[in-house]
Asker: 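For reference, the structure I am asking about is given below.
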Number of protein chains: 2
Amino acid sequence: MIFIARQKRKGTDVKSHKDAYQLIVDAIDAGVYAPGDRLVESELADRFRVSRTPIREALQRLETQSMLTRDGRSLIVASLDHNQLAELYEVRAELEGLAAQLAAQHATHEEIHVLYDMIASDRKIIDDPNRLSRANRRFHNQIHLASRNRYLIRQLEMVHRSMALLTSTSLAVDGRGEMALNEHEDIVKAIELRDGEAANKALKKHLSFAFETRLKIDAGEV
Amino acid sequence: MIFIARQKRKGTDVKSHKDAYQLIVDAIDAGVYAPGDRLVESELADRFRVSRTPIREALQRLETQSMLTRDGRSLIVASLDHNQLAELYEVRAELEGLAAQLAAQHATHEEIHVLYDMIASDRKIIDDPNRLSRANRRFHNQIHLASRNRYLIRQLEMVHRSMALLTSTSLAVDGRGEMALNEHEDIVKAIELRDGEAANKALKKHLSFAFETRLKIDAGEV
DNA sequence: GCGTCTAGAGTTGTATCCATAATATCTGAA
DNA sequence: TTCAGATATTATGGATACAACTCTAGACGC
């Protein structure tokens, strides 16, 4: 009985309102809508075979998360100019640094073990930038969770959602993958030693390198 | 012409969608709906004389900002338990500290002057906790703006919105107002000296005291 | 030929309707 | 008296209809 109810519930949820949201996010991720593109409600409604109501709700959610911005009356996919990118990295470094620091305090042995395992298995896909990028996200997410701070986790989710607007991954640059994994190792070591400050610094340094790499990409150097 | 257009624009914005959202936020601020209360769409629609559609959109926005949480199918005003409060302050201290640090780098002389002016005029309302609380918010907001980081400003807006769920103000405690203004002065001095690190520390310390005060309030000590 | 005004198309915002799911109440039986 | 089941009421989610506003294109006047 309960089982049936939950099945049904899940069914409606997927079909109903989380869906439109996720469908739009996926479409943006897949590059169907690029930064700067205008999102027309009726078009999205047609594409996803739902009415405008759930679409509107999804769009509003995305707007509050600054994945979309208003251009006059209509909504466009947000794009990050140079300044915004710098601002985003500044906030991200601070929040991720805090997460690492807290993780050093709260991570269980099992969590630390999982982090080491992740690095080990990531070394095997070091030549596949896309898979490595997803693995990188899981790694950082694991640290967020270890912080035991739900607010922080939420805020970092938002930051990463904004980062999703960036098409390329800095891990595609030659040698960056290897470097990033070594930096990951430094971070986990600091967490294992329960040295919050070192973990904070290590993560900030890691993001600093990542930001530098991205700047080089944008400058067309690579 | 441009002027007229902007007037019209402003008119629609205010009348249309920001409205329901702001009305609900105000109602929560005013204590019409307390944490834990259930928000019924049709009731809100009646109260604000609009249809359920804008209400629904506003509620979704508020949910994504975690001012509301789901209880089964319906939405209730979020409440902060002890742990959540601690988590919130942890994140807030980090972000506000960053804002102060950046403000030390970017604030113009005029902005610094305004901050000093604010402290001076706040001393005149030191015995009116409610007015002082609003003034306090303006002060912090001014520092956020001086950081010149729009992402940070947005994130801090969210944090403060969550703080709005706390009914009482820690500034009502005897002597806390005086103390807080002195701490404000320390912060602005550090900003004036362009000492980012000192500004960061001063703001973190300020929030640390505020948090302590709140804990005492919640513990019923005051 | 250029500028302005008007008309129309398209898009967003609001209201209402309908269906489904959840909850509460009432009744009957143990 | 209490528990269980059924029914009725109520709230939410989705669809559609309607209104208001904006932007563009075309025509007319200067």
Asker: Between the side chain of B/Asp81 and the main-chain N/O of B/Gln84, is any donor-acceptor distance below 3.5 Å?
Answerer: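 It does hold such a pair.
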Asker: For B/Tyr21 and C/dT14, give me the distance from atom OH to atom P, rounded to whole Å.
Answerer: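 In whole Å, C/dT14 P lies 16 Å from B/Tyr21 OH.
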Asker: Categorize B/Ile55 for me: base, sugar-phosphate, or nothing, with a 4.0 angstrom heavy-atom threshold over every strand shown.
Answerer: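 Since no nucleic acid heavy atom lies under 4.0 Å of B/Ile55, the category is nothing.
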Asker: Just by modelled atom types, is the B/Arg56 backbone N or O under 3.5 Å from a matching donor or acceptor in the B/Glu41 side chain?
Answerer: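 Not a single qualifying donor-acceptor pair exists.
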Asker: Send over the distance from A/Glu43 CD to C/dT12 P, rounded to a whole Å.
Answerer: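 It works out to 10 Å between those atoms.
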Asker: Using whole Å, what does the distance between atom C1' of nucleotide C/dT14 and atom CG of B/Asp19 come to?
Answerer: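 Going from CG in B/Asp19 over to C1' in C/dT14 covers 12 Å.
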Asker: Which nucleotide in the set D/dA11, D/dG13, C/dT12 lies at the smallest distance from any side-chain heavy atom of B/Glu41?
Answerer: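 Shortest atom-to-atom distance from the side chain points to D/dG13.
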Asker: Do the side chain of B/Thr213 and the main chain of B/Phe209 share a donor and acceptor less than 3.5 angstrom apart?
Answerer: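 Side chain of B/Thr213 to backbone of B/Phe209: a pair is present.
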Asker: Parallel, tilted or perpendicular: which describes the rings of A/His140 and A/His206, with under 30° parallel and over 60° perpendicular?
Answerer: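 Judged by the thresholds at 30° and 60°, the geometry between A/His140 and A/His206 is parallel.
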Asker: Base, sugar-phosphate alone, or nothing: which one does B/Leu39 contact when heavy atoms must sit under 4.0 Å apart?
Answerer: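 The answer is sugar-phosphate, as B/Leu39 gets under 4.0 Å only of primed atoms, P, OP1 or OP2.
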Asker: Rounded to the nearest Å, what distance is computed from the CZ atom of residue B/Arg38 to the C1' atom of nucleotide C/dA24?
Answerer: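 To the nearest whole Å, that distance equals 12 Å.
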Asker: What integer distance in Å separates B/Gln60:CD from D/dA11:C1'?
Answerer: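 It works out to 15 Å between those atoms.
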Asker: What is the distance, rounded to the nearest whole Å, between atom CG of A/Leu23 and atom P of D/dG14?
Answerer: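 Going from CG in A/Leu23 over to P in D/dG14 covers 12 Å.
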Asker: Mind calculating the distance between CG (B/Leu75) and P (C/dA22) to the nearest angstrom?
Answerer: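 Distance check: B/Leu75 CG to C/dA22 P gives 15 Å.
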Asker: Just the atom pairs and distances: protein N or O near nucleotides 15-19 of chain C's N or O, under 3.5 Å.
Answerer:
{"residue": "C/dA15", "atom": "OP2", "partner": "B/Ser51", "partner atom": "N", "Å": "2.5"}
{"residue": "C/dA15", "atom": "OP2", "partner": "B/Ser51", "partner atom": "OG", "Å": "2.8"}
{"residue": "C/dA15", "atom": "N7", "partner": "B/Thr53", "partner atom": "OG1", "Å": "2.7"}

Asker: Could you tell me the separation between the CG atom of B/Asp46 and the P atom of D/dA11, rounded to a whole number of Å?
Answerer: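 That distance rounds to 10 Å.
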Asker: When you measure from the side chain of A/Asp128 to the backbone N and O of A/Ile125, does any donor-acceptor pair fall under 3.5 Å?
Answerer: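 Not a single qualifying donor-acceptor pair exists.
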Asker: Distance alone, cut at 3.5 Å: any donor-acceptor contact between the side chains of A/Glu57 and B/Gln60?
Answerer: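 Yes, B/Gln60 and A/Glu57 have a side-chain donor paired with an acceptor closer than 3.5 Å.
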Asker: Is a side-chain donor-acceptor pair under 3.5 Å present for A/His106 with A/Asn149?
Answerer: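 Judged by distance alone, the side chains do not pair up.
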